[in-house]
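In this text, all values refer to a predicted model and were calculated from it rather than measured experimentally. The first residue in the sequence is number 1, and the count goes up from there. Only heavy atoms go into these numbers, but all of them, side chains included; no hydrogens, no water, no symmetry mates.
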Amino acid sequence: MPAAHFAYISRRGALEIETDEGERIGRPDEQKRLLDDWHLELTAGQYRRQVDGGPARRPTKLVYNIVLSMPAPTPPDKVLAAARQFAREKFAQHRYAMVLHTDQKHPHVHLVVKAENELGRRLH
């Protein structure tokens, strides 16, 4: 599912994805490499077992999708700068990626945050 969301927010590679490491990613093969680097298949929280006779567990979130939006006529570069600062402060221990959208009246940033950091701690 994260791959489909990356394709959506990048407009299928037309817009660059900016990572927490400052890397800019455009092509779908680069997006796949980024997701491979996040090792979502190894996220420990997704392997919780269902308790016998208990209710079915919801699938564990692997990433959180956040939209940071400002009203027109906020300058898009200011929205992106604020999103970068917000992500650095709030998600410093987690991997994340973002894309600025300016195709609507209100500029907004799509932010994708890995739910589990490299130490196995989940974002709450």
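- The backbone N or O of G26 lies less than 3.5 Å from a partner atom in the side chain of Q31, making a donor-acceptor pair.
- Applying the ring pair (Phe, Tyr, Trp, His ring centres under 6.0 Å) criterion to H101, with sequence neighbours excluded, gives H108, H110.
- Annotation for R33: atom CZ counts as buried by contact number, over 12 foreign heavy atoms lying within 6.0 Å.
- Taking every heavy atom of both residues into account, P107 and P76 meet most closely at CB-CA, 4.0 Å.
- Separation of atoms NE2 (H39) and CD (E116) is listed at 12.5 Å; rounding is to 0.5 Å.
- Salt bridge status for D36 with K32: present, with a side-chain N to carboxylate O gap under 4.0 Å.
- Under the rule for a side chain to side chain contact (heavy atoms under 4.5 Å, CB included), the partners of Q93 that lie at least two apart in sequence or sit in another chain are N117.
- Within the structure, salt bridge (charged side-chain N to carboxylate O under 4.0 Å, His left out) contacts touching residues 67-87 (residues at least two apart or in different chains) are E18-R84.
- The side chain to side chain contact (heavy atoms under 4.5 Å, CB included) search around T19 returns E21, E23, I25, L34, not counting sequence neighbours.
- A donor-acceptor distance shorter than 3.5 angstrom exists from the side chain of K114 to the backbone of W38, with no hydrogens or angles considered.
- Counted within 6.0 Å of CZ on R11, heavy atoms from surrounding residues, nucleotides or ligands total more than 12; the atom is thus considered enclosed.
- Both L62 and Y8 sit in one connected hydrophobic cluster of ILVMFWY residues. Membership requires side-chain heavy atoms under 4.5 Å apart, directly or through other members.
- With R95 as reference, D20 is the one residue of D20, L35, V63, L40 to meet the side chain to side chain contact (heavy atoms under 4.5 Å, CB included) rule.
- Residues passing the side-chain hydrogen bond (donor to acceptor under 3.5 Å, both in side chains) test with N65 are H5, sequence neighbours excluded.
- Annotation: the span from D103 atom CG to H106 atom NE2 amounts to 8.5 Å, rounded to 0.5 Å.
- Listed by chain and number, the hydrophobic cluster partners of L123 are Y64, I66, L68, M70, V79, L80, F86, F91, Y96, M98, L100, V109, L111, V113, where partners are ILVMFWY side chains within reach of under 4.5 Å, directly or through others.
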